[in-house]
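A quick write-up on the structure given underneath.
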Number of protein chains: 2
Amino acid sequence: MSTPDDPGAVYRRYLSAVMLHGHAGAKAVGLGATDLYALNILGLGGAMTPGELGRRTGLTTGPTTRLIDRLEQAGYVRRAPDPDDRRKVIVELVAGPGGLDEALAPARRKIGAIVQGYSPEQQAVLFDYFARAADAYVEATAELNDKRAD
Amino acid sequence: MSTPDDPGAVYRRYLSAVMLHGHAGAKAVGLGATDLYALNILGLGGAMTPGELGRRTGLTTGPTTRLIDRLEQAGYVRRAPDPDDRRKVIVELVAGPGGLDEALAPARRKIGAIVQGYSPEQQAVLFDYFARAADAYVEATAELNDKRAD
DNA sequence: CCTAATCTCTTCCTCAGAGAAGAGAAATCT
DNA sequence: AGATTTCTCTTCTCTGAGGAAGAGATTAGG
């Protein structure tokens, strides 16, 4: 096992495959791109108000309401009242048997099997990388959004 | 360094961050979801005819033509004649200074720095994983599309 | 208190993107 | 050579997502 001649190409291929799979999964269960985007935001940022979700998706309030309507009707999300401020609503992911999770399950199994093929030390490296890389992407995404906000 | 208590959570967070970043990058340069989808297909599958691209994106011929028009006008792609069959056109990625690559560059730099922080042996593990995982995702995506084709 | 600010949701309008059907060009088959 | 098939592209239509503006409800401030 050695580092490849063109590490960038390997990584780009990997990234394309990840995104392609996500899109294909969303498409397979009839989820739009923005819907998937919002689900990722909620998965990463936790429950939040529609206003916050709208800000992060870059949508105005009207489309945000309908986005939440769609997700709620499809069973991915639910609206809970904010106990402190009765104007507000809290949108939270619902764990249920969402179609998307099911669609992505085969890939998760494959990835799990690949990871299991490594030694414990090697697995530790992978998970360390996952954690660090996630932070880096979150940061880079925030910078992209900041630039857009100007 | 050790494997985390909930590896699945770490990995899900990582996946969400990756997809979120891709979406945000596309949005930042005014690229639609299908356009990004198509670029990933082309990046992964290499140059192909409009018909093949349409099949893989799940679009009919009309929208496919206009999809290619958009990508071509934006400078991500170009149409080349097929030397063997003059009815056909070959759509290929264009390396140029596309806006998307530029938008995603900061993240690539961050990831590069993270990878550089590992020992050569550890880096080899990571790239081995990237290569295997990419194959797994490609396979899983193909299965998703097959299921849709029924 | 009463006004102003905040938050969500509704309504109307616009437009990008997808489907359907068919035209035109070129290859393949008999 | 003529007919059929295979491609791509064009046109028309329509669904669906997003923006703008405002209503209704609730909280915060003078």
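Since this is a predicted model, take the numbers as computed values, not measurements. Just so we're on the same page: letters track the sequence lines, and every chain starts at 1.
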note: A/D82, atom CG; D/dA25, atom C1'; distance rounded to Å ~ 14 Å

Regarding D/dT8, can its base be found pairing with the side chain of B/R87 as donor and acceptor, where the two atoms are less than 3.5 Å apart?
no

Tell me the interatomic distance from A/K88, atom NZ, to C/dA5, atom P, rounded to whole angstroms.
18 Å

Quickly work out the A/R66 CZ to D/dA20 P distance and round it to whole Å.
13 Å

Compare side-chain N and O positions of A/R86 against OP1 and OP2 of C/dT8 and report whether any pair is under 4.0 Å apart.
no

Between A/R79 and C/dC9, does any side-chain N or O lie under 4.0 Å from OP1 or OP2?
yes

Would you classify B/G51 as touching base, sugar-phosphate or nothing, given that sugar-phosphate means primed atoms plus P, OP1 and OP2, and contacts are heavy atoms under 4.0 Å?
sugar-phosphate

So for the helix from C/dC1-D/dG30 to C/dT30-D/dA1, with five pairs setting each end axis, what is the inter-axis angle to 10°?
20°

Would you say the side-chain atoms of A/R108 pair up with the backbone N or O of A/D101, donor to acceptor, closer than 3.5 Å?
yes

Nearest to the B/L59 side chain among C/dG19, C/dC9, D/dC9, which nucleotide is it?
C/dG19

Side chain to side chain donor-acceptor pair (under 3.5 Å), that's the test. Do B/D35 and B/Y76 meet it? Break it down for me.
CA-CA 10 Å; B/D35 302 23; B/Y76 291 107; over 6 Å; no

Phosphate OP1/OP2 of C/dA18 contacted by B/T34 side-chain N/O (<4.0 Å):
yes

Both A/P63 and B/G32 contact DNA chain C. Which one's nearest nucleotide lies toward the 5' end?
A/P63

Separation of D/dG16 C1' from A/K27 NZ (nearest whole Å):
15 Å

Within the side chain of A/Q123, is there an N or O that forms a donor-acceptor pair under 3.5 Å with the backbone of A/V115?
yes

Please verify the inter-ring angle class for B/F127 with B/F130; under 30° counts as parallel, over 60° as perpendicular, anything in between as tilted.
perpendicular

Output yes when a side-chain donor or acceptor of B/E52 lies under 3.5 Å from a complementary backbone atom of B/T49, and no otherwise.
no

Classify the ring geometry between B/Y137 and A/H21 as parallel (under 30°), tilted (30 to 60°) or perpendicular (over 60°).
tilted

If each of A/T60 and B/I68 is mapped to the nucleotide of DNA chain D with the nearest heavy atom, which maps nearer the 5' terminus, i.e. the 5' end?
B/I68

Candidate nucleotides C/dT10, D/dG18, C/dA26, ranked by approach to the side chain of B/D85 - the nearest
C/dA26

Interatomic distance, B/I90 CD1 vs D/dC7 P [rounded to whole Å]
13 Å

Rounded to the nearest Å, what distance is computed from the CG atom of residue B/L67 to the C1' atom of nucleotide D/dT10?
16 Å

B/T49 side-chain N/O to D/dT8 phosphate OP1/OP2 under 4.0 Å
yes

Short side-chain to backbone donor-acceptor contact, A/K27 and B/T57, under 3.5 Å
yes

Assess the residue pair B/D135 and A/R13 against the criterion (salt bridge (charged side-chain N to carboxylate O under 4.0 Å, His left out)); give the C-alpha distance rounded to whole Å, side-chain angles, the decisive distance to 0.1 Å, and a yes or no.
CA-CA 9 Å; B/D135 289 343; A/R13 174 177 154 82; 2.5 Å; yes

Rounded to whole Å, please give me the gap between CD in B/E52 and C1' in D/dT6.
14 Å

Tell me which of A/R70 and A/D84 sits closer to the 5' end of DNA chain D, going by the nucleotide each one is nearest to.
A/R70

Separation of D/dG18 atom P from A/D35 atom CG, nearest Å, is 8 Å

